[in-house]
Each structure stands twice: as structure tokens, then as C-alpha cells.
Amino acid sequence: KSNFMLTRALVTSASVNMKLLLAAVLSVLCVVASSKPNIIFVLTDDQDVYMDGSKHQPKIAKMLAGEGATMINQFVSTPVCCPSRSTIMSGRHIHNLNVHNNSIAGNCSGPHWNAGPEKETVGVLLQRQGYRTGFHGKYLNTYGFPGAGGPEHVPPGWDTWFGLVGNSVYYNYTISNNGKPEKHGDDFATDYLTTLLWNHSIDFINKADERPFFLMTSTPSCHGPHEPEPKYAYTLVNTTAAPAVRTPNFGTADSANKHSIVAKEAAMWDKETANRESFVNWEHVRRLETLLTVDDMVADFIETLEKSGKLDNTFIFYTSDHGYHLGQFGLLKDKRMPYDFDLRVPGYVRGPGIKRNQHNPVVMVSVDLLPTFIDIAGGTVPDTMDGKSILPDLLGTNSQTAAASSKRTFLVEYNGEGTAHAQGVCVEWFEAGEAAWVEGVEKLAPFWEGGKPLCSVQDNVNNTYVCMRTLDVPRTVDQIYCEFIDGFVEFYDLRTDPWQKANSFSSLPAEEKAALHIALQKLAACKGSSCKD
């Protein structure tokens with residue numbers, strides 16, 4: 001009996017010691033996990049740089065840019081919604097994802113995406129680093145469609161999933177709330193999408209949890225139908241925000257010697273110039289007014305973090321899925337073009353170690369966002385990723401000189417789309433292989449009073465291209481070279497032609513043309529490390 005009691009005492013003591021050891025280990029792990037920075041990523045839709053897309057967001061200017069960095073060389077690698085978002089979510093170029101356009105057939109969401117690339121996206125990779133993850137807003141343009149798994153499909157990697165079914169809207173939509181369809185109507189108090197995403201994001205930030213968190217909030221603003229929340233409708237109509245910015249390349253004066261889609265739109269612009277100028281003025285103001293709610297949202301994120309004591313250990317990134325144009329080269333509206341107004345995007349970041357109120361010149365491309373998030377989380381960027389972390393450049397710890405670390409050559413690629421038919425006022429302009437939309441028919445205020453609806457030919461199957469964009473900080477080089485699928489070529493030296501007015505490819509020496517072609521073809525087939533400088 002005494003031996004039994006002794007043995008029992010020893011076992012009990014060992015058990016207690018093991019529990020204490022386990023508790024100590026778990027305590028250390030919790031401390032390590034909680035010391036990792038939180039990350040908030042705000043992604044807008046269609047927000048530009050050149051038309052003052054961020055100029056009327058004073059809270060972001062003060063609380064985000066003023067307390068961190070404005071990324072003055074932030075770009076996307078493909079200027080259209082779903083392909084760009086696929087790159088952002090995965091850190092890979094669209095030719096390595098086999099994502100072509102905004103349709104299920106083009107692998108925007110759907111079986112190919114769900115079975116492959118989606119399994120290695122930002123939520124999955126940050127969960128592996130111990131993060132609590134939450135997604136709120138627009139995901140991919142055909143997410144939630146029957147052919148993409150319906151709203152019941154919750155992409156892997158998300159502890160909280162609040163995903164919009166389909167493309168950006170502000171009212172009358174369906175949300176997948178952790179796999180359960182949730183229908184919304186047209187009541188601002190309960191349905192205005194930007195505000196709804198805002199509220200759910202705040203709930204996510206405030207949730208008690210020992211883990212660091214990654215929050216992605218993807219707003220519809222400032223994508224069409226450009227419906228501001230009621231208190232902001234018409235507030236910018238009679239201010240310095242209107243009319244639309246007349247950039248030096250506005251109108252058709254410099255539309256010659258560019259791809260055929262530009263010539264087509266320029267001809268339409270010249271036929272009804274006054275009406276089209278009226279339209280872009282109207283749309284410009286509506287776009288800005290939708291972004292005022294985003295300004296309020298970001299400010300609330302920051303104030304909520306500060307109240308909870310989390311602000312000093314949180315990185316906040318803000319950017320758009322691509323830029324936009326309104327009247328440049330006579331292009332009525334949209335994106336999809338290989339010009340800086342569609343490729344450059346607003347970029348802001350604040351967080352621990354980032355100097356306040358700075359203009360950071362490092363080149364950051366959409367393909368770099370996920371690698372940077374992984375670096376912040378303390379992980380290793382997978383070799384399969386085509387982008388690279390720019391965290392050392394944000395923190396000023398890059399061992400290279402500022403000029404060298406900011407030099408970059410990166411890929412831009414796009415696959416043009418077209419249809420067989422057109423509708424309404426587009427019939428008279430339409431040619432097979434183009435993609436045309438009727439504009440000026442939005443149903444909510446502020447209304448366009450410029451006249452009849454307009455046709456906008458926004459794409460063409462021949463508007464398929466690959467480009468090589470190169471620039472550095474001292475601007476010893478700042479250029480873009482593009483080859484279109486139909487054989488057309490464009491080249492711009494932005495040091496002497498910053499608005500890309502004159503295609504100067506024909507004036508290049510033959511040996512330079514040959515060198516550019518070889519380098520672009522190599523870059524267009526890049527994968528992983530070969531995509532990086």
C-alpha cells in the first residue's frame with residue numbers, strides 16, 4: 001500500500017508539473033502571438049490618383065497619410081477588377097493564375113480558382129502565422145454565382161467571412177455571411193453597403209481574442225453606380241471638386257498613334273464633345289462623394305484601435321484595385337488601359353516603425369501586397385510568389401541605397417474582352433469584338449442632366465497586351481513598353497512625356513526595339529523569383 005501511495009504521489013506530482021509546463025508554454029506562445037502586429041487592409045474600387053481621387057478625404061490625409069507614408073509610386077500589375085484582385089489575394093501575376101477577365105469562363109472565381117489558387121491566398125497564409133482573419137466586402141466579381149459555388153462557398157482561410165455576391169453595388173445585393181445568404185434592399189440605415197461593411201469591420205476589431213488579427217475591408221466605392229450615402233449626395237457639386245480634372249492629356253488632342261480602341265473612343269468624343277464633358281463632370285463628383293463615407297470609415301477604424309490600445313501595434317494599408325480615367329485621350333470612362341492613369345493607385349500605410357508624414361518613393365506593385373503582409377507576420381514568403389516584401393523599405397531598414405531599392409522593372413498584363421452584340425445607343429457605334437456599355441442611366445441622386453444616354457466602348461479583344469514598366473527614384477529611367485496581341489506597339493519615356501501624349505516607339509533605334517522585345521517576352525513568362533529584379 002505504501003508503495004502504491006508513493007507511486008500515486010509521484011504520478012500526481014509529474015502530472016501537475018506537466019500541466020504547469022504546458023501552461024507556461026501556452027503562455028509564451030500567446031505572448032509571442034499577441035506581440036505580432038495586427039494588419040488592416042482597406043481596398044477601394046476604381047480609385048484614381050491623377051483626377052484627385054484622394055484629395056477630398058481629409059481624415060485619411062490627416063490620420064493615415066499624416067501619421068505614416070504616402071506611397072507615391074504604387075501600381076497595379078493589371079488594370080481591371082477581378083484579375084487585379086486575384087493578384088492582390090495571391091501575390092501572383094495573372095498569367096501564373098490562369099485568370100483572364102471578370103467572368104467565370106475567364107476563371108474569375110469559379111471551379112478553377114476555388115480548386116487551386118484560392119487555397120494559397122492571404123487568409124490561408126496569415127492563418128498559418130497565427131492570425132485571426134476577417135474579410136468584409138467585394139471579393140471577386142463572380143463570387144457567389146451558381147457556377148462559382150454560390151454564396152454557401154466560403155473561401156478557405158477566413159475566421160469571419162462577409163463577402164459580397166457579385167460586383168460592386170451600394171444597394172440591393174446579397175452578402176454571404178459565413179456561408180449564409182443575406183439579402184439587402186435599398187434602406188440606407190440597414191443596407192448601404194459601405195456602411196454595413198464599416199460596422200461589421202468594427203465588430204471584428206473589437207472582438208476579444210489573444211491572436212493578432214488581419215482585417216480586409218473591400219468597399220464598393222468608388223465603382224459605378226456611384227451612389228453616395230444620402231448625406232453626401234450633391235455636397236461636392238458646387239465646390240472646387242467639380243468639374244472633372246482636366247489633365248494635360250484630357251480630350252482627343254493626343255489620341256493619335258495609339259491603339260485602335262483609343263481612336264474609336266476619340267471619334268465618339270469628337271462627335272458629341274459637350275455631352276461627354278458634361279457626363280465626366282457629373283460622374284467625377286459622384287465618385288468622390290462615395291469616397292467620403294470611406295474617409296469616415298477609416299477614421300473610425302483608427303479611433304477604435306486607439307481606444308482599445310491596439311493602434312500602436314497595427315499596420316493599416318490603403319489602396320485601390322486599379323486606377324481610372326474620365327476623358328483622358330477621349331476615353332469616356334473605365335480602366336483597362338496601359339497608361340499611368342489606370343496603373344497608378346493611391347497608397348497609404350501607417351504602423352509601428354513607419355516614419356510619419358513621409359512620401360515614400362519605393363515602387364510597390366499590387367503583387368507585393370501579400371508578400372509584405374507575410375513579412376509583417378513573421379513568415380517566409382513562398383518562392384511561388386511573383387511579388388516581394390517592401391517592408392524593409394517602409395521601415396527604412398533596406399541595406400541597399402534608397403535609389404537602388406526603389407528601382408524597379410515590373411510586368412503589366414491585360415486580356416481584352418469583347419461581345420457579339422450591343423444595346424441601345426451603342427448599336428450605331430458597335431463592332432463585333434468590342435465591349436460597349438450604355439452610360440448615364442443611374443437611378444439614384446445626384447442625377448445626370450446632360451442629355452441622352454451615352455455609349456462607352458470600354459474594351460476590345462485586341463486590347464490584349466503585355467508591358468514592361470521601369471522607373472527609379474532619381475528618374476534616370478521612367479518608361480513603359482507595350483506589345484498588343486494585334487502587333488501594335490507603344491513606348492513612352494515619362495521623363496520627357498509624363499502624360500504619355502506621344503507614342504515614341506517608331507523613333508527608337510532598331511537595336512533598342514529588339515532589346516525591349518526580348519526583355520518583355522522574358523518578363524511576360526516570369527514565375528516566382530524571375531519576376532523580381
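For reference, positions follow the sequence shown, starting with 1. Keep in mind that the numbers below use all heavy atoms, side chains included, and drop hydrogens, waters and symmetry copies.
- Between Phe329 and Phe341, the gap from one ring centroid to the other is short of 6.0 Å.
- For the residue pair Thr372 and Asp368, no side-chain donor N or O sits within less than 3.5 Å of a side-chain acceptor on the partner.
- Using modelled atom types and a 3.5 Å distance limit, the side chains of Asn96 and Asp386 yield a donor-acceptor pair.
- For the atom pair CZ of Phe315 and CD1 of Ile39, the computed distance is 7.5 Å after rounding to the nearest 0.5 Å.
- A pairwise comparison of heavy atoms in Asn462 and Phe484 identifies O-CD2, 3.8 Å as the closest pair.
- Across all non-hydrogen atoms, the minimal contact from Val294 to Thr219 is CG2-OG1, 4.0 Å.
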Inset, instruction - Walk me through it: do Arg85 and Asp321 pass the test salt bridge (Lys or Arg N to Asp or Glu O under 4.0 Å)? - result: CA-CA 6 Å; Arg85 289 165 180 269; Asp321 56 357; 3.0 Å; yes
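- At least one side-chain heavy atom of Leu332 sits under 4.5 Å from a side-chain heavy atom of Glu265.
- A side-chain donor-acceptor contact under 3.5 Å links Arg286 to the backbone of Pro225.
- Although no hydrogens or angles enter the test, the distance criterion places no donor-acceptor pair under 3.5 Å between the side chain of Thr252 and the main chain of Ala266.
- For residues 417-429, the set of pairs meeting the side chain to side chain donor-acceptor pair (under 3.5 Å) definition, not counting sequence neighbours, comprises Arg336-Glu417.
- For Asp52 and His284, the side-chain atoms include no donor-acceptor pair closer than 3.5 Å.
- Residues Phe250 and Trp269 bring their aromatic ring centres within 6.0 Å.
- Between the side chains of Thr464 and Asn415, no donor N or O sits under 3.5 Å from an acceptor N or O.
- When atom types are taken as modelled, the side chain of Arg469 and the backbone of Gln479 share a donor-acceptor pair closer than 3.5 angstrom.
- Residues satisfying the ring-ring contact (aromatic ring centres under 6.0 Å, His included) criterion with Trp437, sequence neighbours excluded, are absent altogether.
- Defined by atom type and a distance below 3.5 Å, a donor-acceptor pair is missing between the side-chain atoms of Glu67 and Tyr348.
- Side chains of Pro220 and Val169 form no contact here, defined as non-hydrogen atoms less than 4.5 Å apart.
- Within the 3.5 Å criterion, the main-chain N or O of Pro346 finds a donor-acceptor partner in the side chain of Thr319.
- Donor-acceptor pairing under 3.5 Å is recorded for the side chains of Thr293 and Glu229.
- Ion pair Arg408/Asp472 not flagged as a salt bridge, since none of the NZ, NE, NH1 or NH2 atoms sits closer than 4.0 Å to an Asp/Glu carboxylate oxygen.
- Geometric assessment of Lys333 against the ring of Phe279 yields a negative cation-pi assignment under the 6.0 Å and 45° thresholds.
- Here the side chains of Val349 and Leu394 are in contact, with some heavy-atom distance below 4.5 Å.
- Applying the 6.0 Å contact sphere to NZ of Lys513 captures more than 12 heavy atoms from other residues, nucleotides or ligands.
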Legend entry - Audit row: Thr247, Gln328, side chain to side chain donor-acceptor pair (under 3.5 Å) steps and yes/no: CA-CA 7 Å; Thr247 56; Gln328 285 67 38; 3.0 Å; yes
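- Counting only distance, with no hydrogens or angles, the side chain of Asn141 and the backbone of Gly166 share no donor-acceptor pair below 3.5 Å.
- Salt-bridge annotation for Arg92 and Glu120: absent, with no side-chain N of the basic residue lying under 4.0 Å from a carboxylate O of the acidic one.
- For the residue pair Lys258 and Asn503, no side-chain donor N or O sits within less than 3.5 Å of a side-chain acceptor on the partner.
- Cation-pi geometry between Arg344 and Tyr50 is not satisfied (NZ or CZ under 6.0 Å from the ring centre, within 45° of the ring normal).
- Donor-acceptor pairing under 3.5 Å is lacking for the side chains of His325 and Asp334.
- Taking the six-membered ring for Trp and the full ring otherwise, the centers of Tyr492 and Tyr481 sit at least 6.0 Å from each other.
- In this structure, the side chain of Gln500 engages the main chain of Asp340 through a donor-acceptor pair within 3.5 Å.
- One side chain, Ser54 or Gln47, offers a donor N or O that lies under 3.5 Å from an acceptor on the other.
- If you look at Phe373 and Phe214, their ring centroids are closer than 6.0 Å.
- Counting heavy atoms from C-beta on, the side chains of Lys532 and Thr409 never come closer than 4.5 Å.
- Counting only distance, with no hydrogens or angles, the side chain of Asn360 and the backbone of Thr70 share no donor-acceptor pair below 3.5 Å.
- Judged by distance alone, the side chains of His517 and Glu483 do bring a donor and an acceptor atom under 3.5 Å apart.
- Considering only heavy atoms from C-beta on, Thr470 comes within 4.5 Å of Met468 through its side chain.
- In this structure, a donor-acceptor pair under 3.5 Å is present between the side chains of His322 and Asp46.
- No side-chain heavy atom of Val122 sits under 4.5 Å from any side-chain heavy atom of Phe135.
- For the residue pair Tyr318 and Gln74, no side-chain donor N or O sits within less than 3.5 Å of a side-chain acceptor on the partner.
- In this structure the side chain of Phe301 never reaches within 4.5 angstrom of the side chain of Ile316, judged on heavy atoms.
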Inset, instruction - Test salt bridge (Lys or Arg N to Asp or Glu O under 4.0 Å) on Arg246 and Glu277 and set out the steps. - result: CA-CA 10 Å; Arg246 266 45 176 181; Glu277 288 191 354; 3.8 Å; yes
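- Using a 3.5 Å distance cut-off with no hydrogens or angles, the side chains of Glu118 and Tyr139 do pair a donor with an acceptor.
- The backbone N or O of Ile261 sits nowhere less than 3.5 Å from a side-chain atom of Asn460 that would complete a donor-acceptor pair.
- Of the listed residues (Thr78, Asn101, Asp459), just one forms a side chain to side chain donor-acceptor pair (under 3.5 Å) with Tyr414, and that residue is Asp459.
- In this structure, Asn102 and Leu140 have side chains that are not in contact, with every pair of non-hydrogen atoms separated by 4.5 Å or more.
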